[in-house]
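Accompanying notes for the structure given below.
From a predicted model like this one, the values you see are computed outputs, not experimental measurements. What you see below is based on every heavy atom in this structure, not just the backbone, and it leaves out hydrogens, waters and symmetry mates.
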Amino acid sequence: MALNYISAAEAASLIKHGYNIGLSGFTPAGTAKAVTAELAKIAEAEHAKGNPFQIGIFTGASTGDSCDGILSRAKAIRYRAPYTTNADFRKAVNNGEIAYNDIHLSQMAQEVRYGFMGKVNVAIIEACEVTPDGKIYLTAAGGIAPTVCRLADQIIVELNAAHSKSAMGLHDVYEPLDPPYRREIPIYKPSDRIGLPYIQVDPKKIVGVVETNWPDEARSFAAADPLTDKIGQNVADMKRGIIPPTFLPLQSGVGNIANAVLGALGRDKTIPAFEMYTEVIQNSVIGLIREGRVKFGSACSLTVTNDCLEGIYQDMDFFRDKLVLRPSEISNSPEVVRRLGIISINTAIEADIYGNVNSTHIGGTKMMNGIGGSGDFTRNAYISIFTCPSVAKEGKISAIVPMVSHMDHTEHDVNIIITEQGVADLRGKSPKERAQAIIENCVHPDYKNILWDYLKLTDGKSQTPHALRAALAMHAELAKSGDMKNVDWAQYK
């Protein structure tokens, strides 16, 4: 059947108040842009008339400003899952304006399939090509696109000329069966392909194709500095006696610390060339692939700058056997992560002296971005590593505290904590031994005595010694005076 080409405004008009929409993409890579921008205009017009207009949004991870940002500002989002990085969205969530569900990224597609979040009315999918017989070739990310395409009543395709058709074949589209029929995912090394290079849909469900030329709203990260370089070097140096000499596939989170870590690993020639089995590939990994330091990259998205992405498209003959993009429930599959023996490296907001990690909430109540895929990898990794600077806000905040204000990753799942101060290997240690290792190796000098003094408040005999009245005193002092160093333990003796 012939494809129906329509405008972004016409496509947006198909979406009604109360609908749930499912989007392609994972980070701003590969996500819808044109239709959601028009949808915000509809919401603003309806609100001006005194009419309600809000929708639910299901995504693979974060999106760009043309989705999360513009729809938040238009107050068009009722419900959203599973992850975001947009400042306007974050503000709306923390003001109680959006019902935000922070979910492990590996679970998002299956929870939609299970019906936990309601019906998918419309899927909006960015593609570099779509065929009359219903083959949709994705762009720079996999996300939950296969699932929302299958479940949606209607599909809108954004055919984006900003993405080269050379991306065709980059994806490996595979959707597992649901229990009780699910089988093992047959990936035994990062380069294994197990699915199709496209999403196959009933062409009758494609109600419109919107032609666009809209580059990904790529995020650039701060350049490495002495602090992030030191964290990266600490990760590289701790390999002796910890990481097998043959090395293992690596997962790394997103951001400038992650880039610094990967750069340090790439520069260290005592580390053999390695593979990535991860959720996002950043600029640093593309550089390491070009240099031969990374042999293969399996991910859910190319979260790279637009000039880097264009370079990949131009050199696709080189990259085609070195990259693969998968749906998020495959890239983040706990089963595959544990079987491959992944080394996971993620970033903490704060950690406590026993190894529990907060990666989502500022002060325990304000959402930052979300748990993302860090839990998928941390719980199942061969070695799970968390990195962070030892202090923030010009030293007024210690990233190491007596008790985290919100817990995303428990002490049972966190193997190693690294700051610019050093490395605390927590494996094989009791809680008391972990506290000693973290305070001695990871805490900033301004806070070492403060945390040693906290331990003196406890009975010292319990399995996990805590002075419960004082456990969150550093957070309370920050809220009161703006500086954790002002904490006064005397009142808790």
Side-chain angles (χ1 to χ4, degrees), residues 3-43 53-72 74 76-82 84 86 89 108-109 112 117-130 134 136-163 173 198-199 201-214 216-217 301 327-328:
L3 296 170
N4 180 33
Y5 288 85
I6 60 177
S7 69
E10 290 171 321
S13 71
L14 300 174
I15 298 168
K16 309 302 180 184
H17 169 66
Y19 272 21
N20 291 322
I21 64 172
L23 303 178
S24 63
F26 192 97
T27 74
T31 196
K33 306 170 183 69
V35 176
T36 49
E38 292 295 329
L39 198 58
K41 297 178 184 178
I42 293 175
F53 190 94
Q54 286 193 316
I55 58 171
I57 301 178
F58 309 148
T59 70
S62 59
T63 69
D65 188 70
S66 59
C67 182
D68 278 347
I70 197 169
L71 290 173
S72 296
I77 306 174
R78 184 200 67 80
Y79 173 91
R80 167 80 161 79
T84 186
N86 183 270
F89 179 93
M108 183 62 189
V112 173
M117 299 179 200
K119 185 179 181 59
V120 183
N121 300 102
V122 178
I124 310 174
I125 308 297
E126 184 180 85
C128 65
E129 182 63 288
V130 56
I136 301 175
Y137 291 85
L138 300 172
T139 58
I144 61 171
T147 292
V148 295
C149 279
R150 186 163 58 77
L151 297 179
D153 292 333
Q154 298 177 318
I155 299 172
I156 298 166
V157 176
E158 288 193 9
L159 185 58
N160 192 345
H163 289 277
V173 177
Y198 52 81
I199 301 173
V201 302
D202 180 350
K204 294 177 182 177
K205 289 174 59 171
I206 301 177
V207 294
V209 177
V210 178
E211 293 183 297
T212 73
N213 192 341
W214 197 321
D216 281 341
E217 295 164 337
S301 78
S328 50

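To the nearest 0.5 angstrom, Ile57 atom CD1 is 11.5 Å from Tyr79 atom OH. Between atom SG of residue Cys128 and atom OH of residue Tyr198 there is a gap of 14.0 Å, rounded to the nearest 0.5 Å. Distance CD1/Ile77 to CD1/Ile70: 10.5 Å, rounded to 0.5 Å.
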Practice task
May I have the step-by-step check of side-chain contact (heavy atoms from CB on, under 4.5 Å) for Val207 and Leu14, ending in yes or no?
Solution key: CA-CA 9 Å; Val207 294; Leu14 300 174; 3.6 Å; yes
Practice task
Under the side-chain contact (heavy atoms from CB on, under 4.5 Å) rule, what do Asn20 and Val120 come out as? Steps first, then yes or no, please.
Solution key: CA-CA 5 Å; Asn20 291 322; Val120 183; 5.5 Å; no
Exercise for the section: For side-chain contact (heavy atoms from CB on, under 4.5 Å), just list the numbers for Leu71 and Arg80, CA-CA rounded to whole Å, side-chain angles, deciding distance to a tenth of an Å, and then say yes or no. Expected result: CA-CA 11 Å; Leu71 290 173; Arg80 167 80 161 79; over 6 Å; no
Practice task
Step by step, work out the side-chain contact (heavy atoms from CB on, under 4.5 Å) result for Ile55 and Leu39.
Solution key: CA-CA 10 Å; Ile55 58 171; Leu39 198 58; 3.4 Å; yes
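Remark: of the listed residues Leu151, Ile199, Ile125, Ile199 is the sole one forming a side chain to side chain contact (heavy atoms under 4.5 Å, CB included) with Pro146.
You'll find the side chain of Asp153 reaches within 4.5 Å of the side chain of Lys119, heavy atoms only. Here the side chains of His163 and Asp216 are in contact, with some heavy-atom distance below 4.5 Å. Counting heavy atoms from C-beta on, the side chains of Thr212 and Leu159 never come closer than 4.5 Å. In this structure, the side chains of Pro327 and Ile144 stay at 4.5 Å or more apart for every pair of heavy atoms. Side chains of Ile124 and Ile15 form a contact here, defined as non-hydrogen atoms less than 4.5 Å apart. Side-chain atoms of Asn4 and Ile206, non-hydrogen and from C-beta on, never get closer than 4.5 Å to each other. Side-chain contact between Asn121 and Ile21 is absent, with no heavy-atom pair separated by less than 4.5 Å. Two residues are said to be in side-chain contact when any heavy atoms from C-beta on lie closer than 4.5 Å; Ile155 and Val201 meet this criterion.
Here the shortest heavy-atom pairing between Gly208 and Ile6 reads CA-CD1, 3.7 Å. Between Ser301 and Thr27 the shortest heavy-atom distance is OG-OG1, 3.7 Å. Contact between Ser328 and Phe26 at its shortest, heavy atoms only, is CB-CE1, 3.6 Å. When all heavy atoms of Glu217 and Gly64 are compared, the closest pair comes out as OE1-CA, 2.9 Å. Scanning all heavy atoms of the two residues, the minimum distance from Ala74 to Ala43 falls at O-CB, 4.2 Å. When all heavy atoms of Ser66 and Trp214 are compared, the closest pair comes out as CB-CZ2, 3.8 Å.
Side-chain atoms of Ser24 come within 3.5 Å of backbone N or O of Gly30 as a donor-acceptor pair. Judged purely by atom type and a 3.5 angstrom limit, Glu158 uses its side chain to pair as donor or acceptor with the backbone of Val35. A donor-acceptor contact shorter than 3.5 Å links the side chain of Lys205 to the backbone of Ala152. Under the 3.5 Å distance criterion, the side-chain polar atoms of Thr63 are matched with a main-chain donor or acceptor of Asp68.
Ring geometry for His17 against Phe53 counts as tilted: the plane angle lies between 30° and 60°, on a 0 to 90° scale.
With 3.5 Å as the limit, one finds a donor-acceptor pair spanning the side chains of Thr139 and Glu126.
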